[in-house]
Amino acid sequence: MPVKNYSTIHMSNNRLITLSKSYFLLILLMILSFNVSGQEDQAVSADTGIVQIDVGDLIRKALHKPPKDKSSSSGSLLLVPIIGSNPATGFMFGVGGQYALKMPGSSLYSTFIGSTQFTTKNQVILLLKNNIYTKGNRFYLTGDWRYLIYSQATYGLGTTAPEGGILDYQFSLYGAETSEDSLQQPMKFNFARFHQSVSYRIAKGLYLGIGYAYDGYSKIVDERLRLEPGDTFLTSHYYYSTLYDFSTASYFSSAINANLSYDTRDNMINPYKGIYALASWRGGYRFIGNDRSVNFFQLEWRSFHSLSQSNPRHMIAFWGLGSFVAAGRYPYLILPATAYDQRSRSGRGYTQGRFRGPNMIYGEAEYRFPISKPGGVLGGVLFVNGTTADNPAIDLKLFESIKAGYGAGLRIMVDKRSRTNLAVDFGFGQNSFGFYLAASETF
């Protein structure tokens, strides 16, 4: 059966103005990041004269109990409930959390972040992320393990998707859709991910690593696909899969990984200063199970800059993420997409997987500030982000369309030793809103 061609999307003058503003905003964020990085950071001493307190201190004070003496090497556990409902999953319930600790002999905190969720439609979501520094910070391990029996809509490739219109106002909870739209293309699938790498320190802050990355989708059900003569609707997933000769029912990617990272953050959970930079290559070849060869490249930048010598919680942070793969080398659902980074945090204001493409660039700036008096529990954030993704089928290139998001959030210091905050965020995008509750900073 012939596959229909994608028609060129014509944008109205208002849409072009919106994209121009978003493009200018993303460039401005990049310029600001490099300008701030080019200046000498004002050192934020661990001893600023401010005595930080957390929720536990407030509770003990209310109960007239003395401060709890806890060693700096002891672990910290934060759990948050996950409760909600949407048409794809029904009622969902579960728990997410973070466990932070210093491994024996390490001066930096390591983290385990995970969640377990179940739904009334027999769906399961199991996630576990690890970031571990070993003794003397000599080795750094990072991993992303997932298993999902899940439902999620797709919208097409590129940041102009979906073809033929703009979605109705979308609402999301923890990144999952809570509303439906006629332009959505709902899908069901099982998803397994195993990404794990180990890096060795070759110089101060500089790590060279190797690893393995597996992503597999099975039992794919493309719910809007119709192939009956006279009643035909070809979805983006079906079009892409048949165009590039992928199965529409199941597929996977198996790849070896090499990476070079530079990390001068004083704390990976909630940095007050420092830089994290990553250059990563992933190669999938036939000898490790693939039916075709593929090279995937990723670049990441995070930087944290103090705005106050006396209060380190007053700062600005930047995040940039670029993912690049040749068209037609990865199956549709394995292509780069928003909120499929290790922490599933990119693209606040939009649902997970809202934007997807062979090549994607994401940028975000976040202003972090104290609300309570210095050393108090409450803080806040203001953020703005931009996403651009391409679509070779309609000759849409990077930066020709940029979707912006913005929002605000509350931070509650629940563990002062590890600097773990409970994060509550409200994000807005184009015809889109999201609510996020997490046990750590976004980046």
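FYI, the numbering just counts along the sequence from 1.
- Counting only residues at least two apart or in different chains, salt bridge (charged side-chain N to carboxylate O under 4.0 Å, His left out) contacts with residues 278-293 are absent.
- Taking the six-membered ring for Trp and thresholds of 30 and 60 degrees, F189 and F191 have ring planes more than 60 degrees apart, a perpendicular arrangement.
- A donor-acceptor pair is defined here as one N or O able to donate and one able to accept, closer than 3.5 Å; such a pair exists between the side chain of T388 and the backbone of F399.
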Given side-chain hydrogen bond (donor to acceptor under 3.5 Å, both in side chains), test Q170 with T351 step by step and report yes or no. CA-CA 8 Å; Q170 295 292 293; T351 61; over 6 Å; no

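- One distance of note links NZ of K135 with OG of S106; it measures 11.5 Å at 0.5 Å rounding.
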Kindly indicate, with the supporting measurements, whether the criterion side-chain contact (heavy atoms from CB on, under 4.5 Å) is fulfilled by Y330 and D215. CA-CA 11 Å; Y330 264 168; D215 291 279; over 6 Å; no

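- Listed by chain and residue number, D395 satisfy the salt bridge (charged side-chain N to carboxylate O under 4.0 Å, His left out) test with K397 (two or more places apart in sequence, or in another chain).
- At a threshold of 4.5 Å between non-hydrogen side-chain atoms, the residues T160 and I394 count as touching.
- Across every non-hydrogen atom of L167 and L183, the tightest pair is CD2-CB, 3.6 Å.
- Among the candidates W301, Y362, F304, the single residue satisfying the ring-ring contact (aromatic ring centres under 6.0 Å, His included) test with W319 is Y362.
- Here the closest non-hydrogen pair linking K129 and S344 is NZ-OG, 3.7 Å.
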Please step through salt bridge (Lys or Arg N to Asp or Glu O under 4.0 Å) for the pair D263 and R265, ending with a clear verdict. CA-CA 6 Å; D263 191 357; R265 295 171 297 176; 2.9 Å; yes

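- Y332 places a side-chain N or O within donor-acceptor distance of the main-chain N or O of G156, the cut-off being under 3.5 Å.
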May I have the step-by-step check of side-chain contact (heavy atoms from CB on, under 4.5 Å) for M103 and T134, ending in yes or no? CA-CA 6 Å; M103 302 298 286; T134 65; 5.9 Å; no

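- Under 3.5 Å, the side chains of S440 and R345 contain a donor-acceptor pair of N or O atoms.
- Closest heavy-atom contact between Y212 and N257: N-CB, 4.4 Å.
- Using a 4.5 Å heavy-atom threshold, the side chains of R368 and R313 count as separate.
- Considering D222, T248, I220 in turn, T248 is the only one that fulfils the side chain to side chain contact (heavy atoms under 4.5 Å, CB included) rule with S241.
- The two residues T178 and S172 make their nearest non-hydrogen contact at OG1-N, 3.9 Å.
- Distance alone, capped at 3.5 Å, places no donor-acceptor pair between the S218 side chain and the S250 backbone.
- The shortest heavy-atom contact between Q185 and T235 is OE1-CB, 3.3 Å.
- Within the 3.5 Å criterion, the main-chain N or O of S253 finds no donor-acceptor partner in the side chain of N290.
- Heavy atoms from other residues, nucleotides or ligands lying under 6.0 Å from CD1 of I210 number 12 at most.
- Between F252 atom CZ and L333 atom CG the span is 15.0 Å, to the nearest 0.5 Å.
- Using modelled atom types, one side-chain atom of R329 and one backbone atom of S293 make a donor-acceptor pair closer than 3.5 Å.
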Side-chain donor/acceptor pairs under 3.5 Å, residues 197-205, sequence neighbours excluded:
from, atom 1, to, atom 2, distance (Å)
S199, OG, N259, OD1, 3.3
Y200, OH, R138, NH1, 3.3
R201, NH1, G136, O, 2.9

Show the numbers, then the answer: is there a side-chain contact (heavy atoms from CB on, under 4.5 Å) between F318 and E364? CA-CA 6 Å; F318 298 96; E364 181 166 338; over 6 Å; no

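- Within the 3.5 Å criterion, the main-chain N or O of G143 finds a donor-acceptor partner in the side chain of N130.
- By the 4.0 Å N-to-carboxylate-O rule, E366 lies close enough to R348 to be salt-bridged with it.
- Taking 4.5 Å as the limit, every side-chain heavy atom of F369 sits out of range of all side-chain heavy atoms of L307.
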Test side-chain contact (heavy atoms from CB on, under 4.5 Å) on L173 and L437 and set out the steps. CA-CA 9 Å; L173 181 67; L437 182 65; over 6 Å; no

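- From F112, atom CZ reaches atom CG of L101 across 6.5 Å, with rounding to the nearest 0.5 Å.
- For the residue pair N431/Y350, the side-chain donor-acceptor check at 3.5 Å is not satisfied.
- Distance CD1/I125 to OG1/T116: 10.0 Å, rounded to 0.5 Å.
- The closest donor-acceptor contact from the side chain of S401 to the backbone of T159 lies under 3.5 Å.
- Between D415 and R417 a salt bridge is recorded (basic side-chain N to carboxylate O distance below 4.0 Å).
- At least one side-chain heavy atom of Y285 sits less than 4.5 Å from a side-chain heavy atom of N295.
- Scanning for salt bridge (charged side-chain N to carboxylate O under 4.0 Å, His left out) contacts around K416 gives D57, with sequence neighbours left out.
- Within the 6.0 Å centre-distance limit, the rings of F426 and F435 are counted as a close aromatic pair.
- Note that R419 lies in the cation-pi zone of Y272, set by a 6.0 Å cut-off to the ring centre and a 45° limit from the axis.
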With side-chain hydrogen bond (donor to acceptor under 3.5 Å, both in side chains) as the test, would you mind laying out the steps for Q123 and S151 before giving the verdict? CA-CA 8 Å; Q123 295 171 332; S151 299; 2.5 Å; yes

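- For residues 142-151, the set of pairs meeting the salt bridge (charged side-chain N to carboxylate O under 4.0 Å, His left out) definition, not counting sequence neighbours, comprises D144-R146, D144-R193.
- Using the six-membered ring where Trp is involved, Y169 and F171 have ring planes that are tilted, between 30° and 60° apart.
- Although no hydrogens or angles enter the test, the distance criterion places a donor-acceptor pair under 3.5 Å between the side chain of N421 and the main chain of M413.
- Other residues, nucleotides and ligands contribute over 12 non-hydrogen atoms within 6.0 Å of the OH atom of Y367.
- Although no hydrogens or angles enter the test, the distance criterion places no donor-acceptor pair under 3.5 Å between the side chain of T111 and the main chain of I113.
- Taking the side chain as every heavy atom from C-beta outward, I269 and Q98 approach each other to under 4.5 Å.
- Taking both residues in full, the closest heavy atoms of V381 and R411 are given as CG2-NH2, 3.6 Å, listed atom of the first, atom of the second, then distance.
- Residues passing the salt bridge (charged side-chain N to carboxylate O under 4.0 Å, His left out) test with R356, sequence neighbours excluded: none.
- Rounding to the nearest 0.5 Å places CZ of F296 at 11.0 Å from CD1 of I334.
- Here S261 contributes atom OG and I275 contributes atom CD1; the two are 13.0 Å apart, rounded to the nearest 0.5 Å.
- Between the side chain of S306 and the backbone N or O of P312, no donor-acceptor pair lies under 3.5 Å.
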